Amino acid sequence: MAISLPNAYLPINHHVLPSAKCRPVWFSGQKPQLGVATNMEFATRQLRVPRVLSRFTSTTNSLSSSIDKHEKEKRVADVWREIHGQDDWVGMLDPMDPLLRSELIRYGEMAQACYDAFDFDPFSKYCGSCRFTPRQFFDSLAMADHGYVVSRYLFVTSNINLPNFFTKSRWPKVWSKSANSTGYVAVSNDEVSKRIGRRDIAVAWRGTVTRLEWIADLMDFLKPISSNKIPCPDSTVKVESGFVDLYTDKDENCRRRTKLNDNRSQFRRRLAILSAYDIVETGLNVLQDTRAVPVTVFSFSGPRVGNVRFKERMELLGLKVLRVVNVHDIVPKSPGLLFNENVPPLLMKLAERLPWSYSHVGVELALDHKDSPFLKETGDLSCAHNLEALLHLLDGYHGKGHRFVLASGRDPALVNKASDFLKDHYLVPPYWRQYENKGLVRGEDGRWIQPERPKLDDHPEDIHPYLDQLGLPSKH
């Protein structure tokens, strides 16, 4: 999931600035100049993407594929407000607007990067953290052409006392016993900002990957969002307990605790909706001249988050949400299996005080993996929830009843990067993504070792005034 704050002509002291090590140093009326410090020189092992020889017939939409990338970005600059939901995407989903499709795929790839960069290896000293440094993040994932710079990583903690269920290293000294990397904040660079007509701040969150996080997710009763110190004037606005706990929990023994709890001015599928709500509810997107920076959520396979009052509150605040789902995915159908937005309004009215009455927010774009001629029938439920597969469906979707045709020619082999979903005759091995030598490098003595990773600062110097302003401990 990704949150986008477009047209962010913010004053230098505004809350949503990235760190001093990578931040915009221009705003309205000036040319973009992105200042990036050069004091973080270190080696990072790069992802090795093997060449996959597959028998794909290149079938692309001639109109979309003929649009030059830079020309497309210029066109996006003219209609970005519509792409970001100014009119609730009316007339853009059926038939599918080509520019909206390309932007959804772009933001979806930024969310996929959270998974690709996550260290799952229990033999790694840094299991549960991000494999790459902010400065080399997109380069290491072969995504430099996206034109964004990571300014901050996000971490999530859970204080459920089940340590064996947490993704952590087998090393005796782990980097954290209760925190995992969960996303990042990125800012469009000068070149892209000029072409798209705005400085774009993207906040990307991954979904659930650890067992402890799944346990928290299953705590599916509703509770007032204000009970977790997220400001809200209406106590009937409620969200799922496990989601909001993951969003706000912190471990006093872990300096890398939830960034959104320590500093709400910085921004997991459902956590993106919560963080976007938090930003708008607290007015962090309002400039000193009272202009509001638009906040949009592009959600991929996200579950329900809160009750009807939460949905209504988000609409009142003007927060835009576009949810892209696979109709065979069970995650977007939960929680709220019995009482949700699909039951008769009278029944929902009677059930609205129950702790299991949920409602989706925003606008839904429903896709069906059975429409793709590339994908096979499978009993593996995780395939329907696979983000790469969802981006593949987006690329081939042109509207209800239209033939499935890949618009950009996005490589279908990406679907099998972390799944077994492609038809076997394409000869793409399942789960093909791997890191060179499992991340080991040769030391100076010729022995194979795990390279050290630099320690990332929790609170850069420029952030302390904002923490003080929010009444949060800054630990100068």
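These numbers come from the heavy atoms of this one structure, side chains and all, not from hydrogens, waters or symmetry mates. Keep in mind the model is a prediction, meaning the values are calculated, not measured.
Residues Trp205 and Leu154 share a closest heavy-atom pair of CZ2-CD1, 3.7 Å. Closest approach of Ile225 and Cys232 over heavy atoms only: CG2-CB, 3.7 Å. Between Phe404 and Pro373, the shortest heavy-atom contact is CD2-CD, 3.5 Å. What you find for Ala276 and Val297 is that their closest heavy atoms are CB-CG2, 3.4 Å. Contact detail for Asp121 and Lys438: the closest heavy-atom pair is OD2-O, 4.3 Å. Considering every non-hydrogen atom in both His360 and Pro332, the closest pair reads NE2-O, 2.6 Å.
A donor-acceptor contact closer than 3.5 angstrom is absent between the side chains of Tyr397 and Asp371. Judged by distance alone, the side chains of Asn326 and His385 never bring a donor and an acceptor atom under 3.5 Å apart. Between the side chains of Asn228 and Lys223, a donor-acceptor pair is found at a separation under 3.5 Å.
The backbone N or O of Val327 lies less than 3.5 Å from a partner atom in the side chain of Lys333, making a donor-acceptor pair. For Ser102 (side chain) and Leu99 (main-chain N/O), a donor-acceptor pair under 3.5 Å exists by modelled atom type. In this structure a side-chain-to-backbone donor-acceptor pair under 3.5 Å is present from Arg206 to Ser181. Formation of a donor-acceptor pair under 3.5 Å by the Thr296 side chain with backbone atoms of His84 is found in this model. Between the side chain of Ser193 and the main chain of Ser188, a donor-acceptor pair closer than 3.5 Å is present. Checking side-chain atoms of Trp448 against main-chain N and O of Asn437 turns up no donor-acceptor pair under 3.5 Å.
A salt bridge links Arg106 with Glu103: the distance from a Lys NZ or Arg NE/NH1/NH2 to an Asp or Glu carboxylate oxygen falls below 4.0 Å. Ionic pairing of Arg131 and Asp116 is not present here: no N-O contact between side-chain nitrogen and carboxylate oxygen is shorter than 4.0 angstrom. For the pair Glu240 and Arg304, the salt-bridge criterion is not met [side-chain N within less than 4.0 Å of a carboxylate O]. Under 4.0 Å is where a charged nitrogen must lie from a carboxylate oxygen, and between Arg199 and Asp190 at least one such pair does. By the 4.0 Å N-to-carboxylate-O rule, Arg433 lies too far from Glu388 to be salt-bridged with it.
Heavy-atom contacts from other residues, nucleotides or ligands closer than 6.0 Å to NZ of Lys370 number 12 or fewer.
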- Message: Between Phe310 and Leu222, does the side chain to side chain contact (heavy atoms under 4.5 Å, CB included) criterion hold? Intermediate values first, please.
- Response: CA-CA 11 Å; Phe310 177 69; Leu222 292 160; over 6 Å; no
- Query: Could you walk me through whether Val293 and Ile279 pass the side chain to side chain contact (heavy atoms under 4.5 Å, CB included) check?
  - Reply: CA-CA 10 Å; Val293 176; Ile279 292 167; over 6 Å; no
- Message: Working note: Leu375 + Val415, criterion side chain to side chain contact (heavy atoms under 4.5 Å, CB included); need CA distance, chi angles, decisive distance, verdict.
- Response: CA-CA 9 Å; Leu375 306 181; Val415 171; 3.9 Å; yes
- What's the verdict on ring-ring contact (aromatic ring centres under 6.0 Å, His included) for Phe118 and Phe120, showing C-alpha distance, side-chain angles and the deciding distance? CA-CA 6 Å; Phe118 187 75; Phe120 290 91; 4.7 Å; yes
- Task: Could you give me the CA-CA distance, side-chain angles and deciding distance for Leu141 and Met110, then say whether side chain to side chain contact (heavy atoms under 4.5 Å, CB included) is met?
- Result: CA-CA 10 Å; Leu141 293 170; Met110 295 179 75; over 6 Å; no
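Using a 4.5 Å heavy-atom threshold, the side chains of Phe298 and Leu104 count as touching. Looking at Leu319 and Ile273, their side chains never come closer than 4.5 Å, going by heavy atoms from C-beta outward. For the pair Val331 and Ser301, the minimum side-chain heavy-atom distance is 4.5 Å or more. Contact of the Ser129 side chain with the Arg453 side chain is registered, since non-hydrogen atoms from C-beta on lie closer than 4.5 Å. With contacts defined as side-chain heavy-atom distances shorter than 4.5 Å, the pair Leu440/Gln450 qualifies. Here the side chains of Pro231 and Asp278 are in contact, with some heavy-atom distance below 4.5 Å. Residues Leu391 and Leu414 are not in side-chain contact: their nearest non-hydrogen atoms beyond the backbone lie 4.5 Å or more apart. Between Val441 and Ile449, some side-chain heavy-atom pair lies under the 4.5 Å cut-off.
To the nearest 0.5 Å, atoms CG (Leu390) and CD1 (Ile105) are separated by 10.0 Å. Interatomic distance, Glu109 CD to His146 NE2, rounded to the nearest 0.5 Å: 4.0 Å. Note: Asp411 CG to Asn416 CG = 10.5 Å, rounded to the nearest 0.5 Å. Considering CG of Asp119 and CZ of Phe132, their distance stands at 9.0 Å, rounded to 0.5 Å. Residue Asn386 holds its CG atom at 13.0 Å from CG of Leu381, rounded to the nearest 0.5 Å. The distance from the CZ atom of Phe421 to the OG1 atom of Thr378 is 7.0 Å, given to the nearest 0.5 Å.
Ring geometry, His392 versus Phe374: the interplanar angle exceeds 60°, so the pair is classed perpendicular (tilted spans 30 to 60°). The aromatic rings of Tyr184 and Phe137 are tilted relative to each other, their planes meeting at an angle between 30° and 60°.
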